[in-house]
Amino acid sequence: MSVRELVVLGTASQVPTRHRNHNGYMLRWDGEGIMFDPGEGTQRQMLRAGVAAHDLHRICVTHFHGDHSLGLAGVIQRINLDRVPHQVTAHYPRSGQRFFDRLRYATAYRETVELTEAPVAADGVLAAAPSYTLEARKLSHPVESYGYRLVEPDGRRMLPERLAAHGIKGPDVGRIQREGSLGGVSLTDVSEVRRGQRFAFVMDTRLCEGVHALAEGCDLLVIESTFLDEDEDLAVEHGHLTAGQAARVARDAGVRHLVLTHFSQRYTDPDEFERQARAAGFEGELTVAQDLLRVPVPKRR
């Protein structure tokens, strides 16, 4: 049975707090695991959340500020210590290659795993797997930053009433799916498009074209809301979003489930992020992220 869920490992911005670890997120997508922005302490959070090194297939880093990347050294060394049997691919801004190199070889260890470096230099498709395409879009932050988006290929949903009308049943249902037609009846006559699921990960950024492109039509959007709306000037100055801005992006993009995260330590009431997001007009499912939370990708429409 396929599993598609987000495992939240950490939700703090800039510095960890007593209740929030540095950033860290793991997306389980069928048989693959994609880790986003492993901040300091991610390796311990993996243990607490039941995420093993063997679960990782890709690591996606949005940018090289410490709260989004200091955990890379530990995660990479753990992958090698546990002798993960498959290739692991790392995506990160090409402009931060020197930081990646330093983190990858921060200390001495024995390399046992094929870690493929696939730096990002421009918007576009990074990888195509059977169940998803991974894309990147540039964001607006004081250092170069990219957001990531997974898009499942569209499929087809069989329509029982149309199958019955054409007398197609039993093994012939599978045959028309495989061959595209049967006895003069085409697959399009007895099915409809089943839209693929979409996931996006948007971290440190001001409002920009990339934010909207990443969020468009997402079933699950994970997006930073470092500041509350009354501190919008600070958000713009430091290259971040407010809760209201993130919610309006999700509202306009038709997002089904919005996950707010990356909260400044200056705020003590997490419920205020939800109140401001609702006030901004977002009416879909909404989660204010907490460490070790699991968020399922919504079922297909």
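These numbers come from the heavy atoms of this one structure, side chains and all, not from hydrogens, waters or symmetry mates.
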Checking Glu111 now: which residues fulfil salt bridge (Lys or Arg N to Asp or Glu O under 4.0 Å) with it, not counting sequence neighbours? Arg104
Please examine the side chains of Ile76 and Leu103, heavy atoms only from C-beta on, and report whether any two atoms are closer than 4.5 Å. no
Note, Arg78 side chain near Leu56 side chain (heavy atom, < 4.5 Å): no
Residue pair His22 / Thr42, side-chain donor-acceptor N/O under 3.5 Å: no
Rounded to the nearest 0.5 Å, how far does CD1 of Ile34 lie from NE2 of His57? 9.5 Å
Stepwise side chain to side chain donor-acceptor pair (under 3.5 Å) check, Glu117 with Gln97: CA-CA 10 Å; Glu117 299 180 8; Gln97 184 68 52; 3.1 Å; yes
Report yes if some heavy atom in the side chain of Arg194 is under 4.5 Å from a heavy atom in the side chain of Asp154; otherwise report no. no
Which residues satisfy the ring-ring contact (aromatic ring centres under 6.0 Å, His included) test with His68, sequence neighbours excluded? His63, His262
Is the number of heavy atoms from other residues, nucleotides or ligands within 6.0 Å of CZ (Arg48) greater than 12? no
So does Arg157 have more than 12 non-hydrogen atoms from other groups sitting under 6.0 Å from CZ? yes
Does a sphere of radius 6.0 Å around CZ in Arg275 hold more than 12 heavy atoms from other residues, nucleotides or ligands, not counting ones at 6.0 Å or beyond? yes
Given side chains that start at C-beta, do those of Arg28 and Arg294 come closer than 4.5 Å, heavy atoms only? yes
Run the ring-ring contact (aromatic ring centres under 6.0 Å, His included) test against Phe199 and tell me which residues pass, sequence neighbours left out. Phe36
Would you please name every residue forming a ring-ring contact (aromatic ring centres under 6.0 Å, His included) with Tyr109, sequence neighbours left out? none
Any side-chain heavy-atom pair of Leu241 and Val249 under 4.5 Å: no
Here the gap from Thr62 atom OG1 to Glu224 atom CD, rounded to the nearest 0.5 Å, amounts to 9.5 Å
Listed pairs under 3.5 Å, donor-acceptor, residues 126-139 side chains, sequence neighbours left out:
residue	atom	partner	partner atom	Å
Tyr132	OH	Glu32	OE1	2.7
Tyr132	OH	Arg58	NE	2.8

Main-chain N/O of Asn21 paired to Asp291 side chain as donor or acceptor, under 3.5 Å: yes
Distance check, rounded to the nearest 0.5 Å: Tyr267 atom OH versus Thr226 atom OG1? 8.5 Å
In this structure, are over 12 heavy atoms from other groups packed under 6.0 Å from Gln290 atom CD? no
Answer whether the closest heavy-atom distance between the side chains of Arg300 and Gln197 falls below 4.5 Å. yes
Electrostatic pair Arg4-Asp30, nearest N-O below 4.0 angstrom: yes
Around atom CD of Glu161, are there more than 12 heavy atoms of other residues, nucleotides or ligands at under 6.0 Å? yes
Residues passing the salt bridge (Lys or Arg N to Asp or Glu O under 4.0 Å) test with Arg44, sequence neighbours excluded, are none
CZ (Phe64) and CG (Asp37) are apart, to the nearest 0.5 Å, by 9.5 Å
Under 6.0 Å between ring centres: does that hold for His240 and His141? yes
How many angstroms lie between NE2 in His19 and CD in Gln265, if you round to the nearest 0.5 Å? 13.0 Å
